[in-house]
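First the structure, in the form of structure tokens, and then the observations on it.
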Amino acid sequence: MSRFLFAGGGTAGHVNPLLAVADRLTQRSPEDEVLVLGTAEGLESRLVPMRGYELVTIPRLPFPRKPNAAALRFPGAFWSAVRRTERIIREREIAVVLGVGGYAAAPAYVAAKRTGTPVVVHEQNAKPGLANRMAAVLTTHVGVTFSNTRLPHSQVVGMPLRREIERLDRRAERAAGFAEFGLDPDRPVLLVTGGSSGARSINRTVHRAAATILGAGWQILHVVGAASDIGPSDLDGYHVLPYCDRMDLAYAAADFVVSRSGAGMVCELTAVGLPSVLVPYPVGNGEQRHNARDVVAAGGALLVDDAEFTPDWVTLQLLTVLEDRAGIADMAVRAGSVGHRDGADRMTGLVLAAAAGRRGSSTGRPTGTSTTSTTEEP
């Protein structure tokens, strides 16, 4: 029996791939255990226990960007989190630490290094974050989602997907999707989502343009995010949800999608073959634009800047796309051509290779090797 510590979280984009690998690992080896290191504020505080895994928490520690009081407190708080994580690693006899980014990842990487515990890294975005850039030099077990991600020792493994997405047959589940959300089976469905936290500009534009979209014969399934002030609508065919726990059925019902281009969303859309308009989040280091590169180049998605995604753009551009059903079908095929469904298997292989390497080095036997190719993109 081996015990693994998976670190990261904050958003569904971090938590879902972490849980996908945890599920695959424990399915392969039911005697093994997975603990998740996260924060009490992140989405992991709800999703991890719901999935049946133990959650251990450390304080949320944003990296300071300005020389202020928070910056002065950061070093002490960070090393306190590292020491707490070291105790967990030693007391629970952790075999491997897997980090997926997020606030909990950096302390976990440092604690793993200080305890001699093998590190495995998964970078979901095309432009890697600071914690994963640091961790990639500590290990040879680095999986990335996109071909244009640059990290030392990296190999393309794709995105670990939830089992329900990985196995989704949209055609077979379409009727269940319509029933789940009370949709009209005779009208095409535009799915709109900004991710687990919502996207204010996308929400505002679609809310204002809803009547126009409905008038074109479509219905809208709009996941606005729990913090949104957009409530239920009286418009026939405009379905507003604060959060969606069954995105698999939402994908099954959808014909076209408008969303942010977070890594998880891009990978799920391409895995299930859904065409889309992608609106990258305009704040940050520009990773969402890079995430969309492959599917846009393949013709499976359109990219529009956040500032340009207005009700006028919907009327002049989006409706033109939605009126071309043959074009939408072609985009769906092109989106699916760049999608991958085996990321969870590939990342699980990296975790098991790291564990085998540790056992091999401790016994003098040759270390294990991963079955994941280091030269070919999946």
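- Residues passing the side-chain contact (heavy atoms from CB on, under 4.5 Å) test with Asp330, sequence neighbours excluded: Arg334.
- Under the side chain to side chain donor-acceptor pair (under 3.5 Å) criterion, the residue pairs touching residues 205-224 are Asn203-His222, His222-Tyr238, with sequence neighbours excluded.
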Only pairs under 3.5 Å count here: list side-chain donor-acceptor contacts from residues 168-175, not counting sequence neighbours, and write none if there are none.
residue: Asp169; atom: OD1; partner: Arg171; partner atom: N; Å: 3.2
residue: Asp169; atom: OD1; partner: Ala172; partner atom: N; Å: 3.2
residue: Arg170; atom: NE; partner: Tyr251; partner atom: O; Å: 3.2
residue: Arg170; atom: NH1; partner: Gly273; partner atom: O; Å: 3.2
residue: Arg170; atom: NH2; partner: Ala254; partner atom: O; Å: 2.8
residue: Arg174; atom: NH1; partner: Ala252; partner atom: O; Å: 3.3
residue: Arg174; atom: NH1; partner: Ala253; partner atom: O; Å: 2.9
residue: Arg174; atom: NH2; partner: Asp255; partner atom: OD1; Å: 3.2
residue: Arg174; atom: NH2; partner: Asp255; partner atom: OD2; Å: 3.0

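- The side-chain heavy atoms of Val257 and Val192, taken from C-beta on, include no pair separated by under 4.5 Å.
- Every residue two or more places apart in sequence or in another chain that forms a side-chain contact (heavy atoms from CB on, under 4.5 Å) with Tyr281 is listed here: Arg260, Val283, Gln288.
- Expressed to the nearest 0.5 Å, how far CG of Leu138 lies from OG1 of Thr117 amounts to 12.0 Å.
- Sorted by first then second residue, the ring-ring contact (aromatic ring centres under 6.0 Å, His included) pairs that include residues 75-104, not counting sequence neighbours, are Phe74-Phe78.
- For residues 30-40, the set of pairs meeting the salt bridge (charged side-chain N to carboxylate O under 4.0 Å, His left out) definition, not counting sequence neighbours, comprises Arg3-Glu33.
- Thr139 contributes a side-chain N or O that, together with a main-chain N or O of Val119, makes up a donor-acceptor pair within less than 3.5 Å.
- Using modelled atom types, no side-chain atom of Asp342 and backbone atom of Asp345 make a donor-acceptor pair closer than 3.5 Å.
- Considering every non-hydrogen atom in both Met347 and Pro160, the closest pair reads CG-CG, 3.7 Å.
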Task: salt bridge (Lys or Arg N to Asp or Glu O under 4.0 Å) assessment of Arg60 paired with Glu41 - done: CA-CA 7 Å; Arg60 181 178 179 271; Glu41 298 85 359; 5.5 Å; no
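- The 12-atom threshold is exceeded at CZ of Arg163, counting heavy atoms of other residues, nucleotides or ligands nearer than 6.0 Å.
- Among residue pairs with one or both ends in residues 261-273, those qualifying as salt bridge (charged side-chain N to carboxylate O under 4.0 Å, His left out) are Arg162-Glu268; sequence neighbours excluded.
- Here Arg341 pairs with Glu166, Ala271, Val272 under the side-chain contact (heavy atoms from CB on, under 4.5 Å) rule; sequence neighbours left out.
- Side-chain atoms of Phe4 and Ile94, non-hydrogen and from C-beta on, never get closer than 4.5 Å to each other.
- Screening residues 284-324 for ring-ring contact (aromatic ring centres under 6.0 Å, His included) gives Phe309-Trp313 as the qualifying pairs, with residues at least two apart or on separate chains.
- Between the Thr26 side chain and the Asp23 main chain, a donor and an acceptor come within less than 3.5 Å of each other.
- Here Arg92 pairs with Glu54 under the side chain to side chain donor-acceptor pair (under 3.5 Å) rule; sequence neighbours left out.
- Residues Leu35 and Leu18 fall into different hydrophobic clusters, defined by Ile, Leu, Val, Met, Phe, Trp and Tyr side chains chained together at heavy-atom separations under 4.5 Å.
- Partners of Thr149 according to the side chain to side chain donor-acceptor pair (under 3.5 Å) rule, which considers only residues two or more places apart in sequence or in another chain, do not exist here.
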Sequence neighbours excluded and cut-off under 3.5 Å, please list the side-chain donor-acceptor pairs for residues 125-134, or say none.
residue: Asn125; atom: OD1; partner: Asn291; partner atom: ND2; Å: 2.9
residue: Lys127; atom: NZ; partner: Asn285; partner atom: O; Å: 2.8
residue: Asn132; atom: OD1; partner: Tyr109; partner atom: OH; Å: 2.6
residue: Asn132; atom: ND2; partner: His122; partner atom: O; Å: 3.2
residue: Asn132; atom: ND2; partner: Glu123; partner atom: OE1; Å: 2.8
residue: Arg133; atom: NH1; partner: Pro128; partner atom: O; Å: 3.0

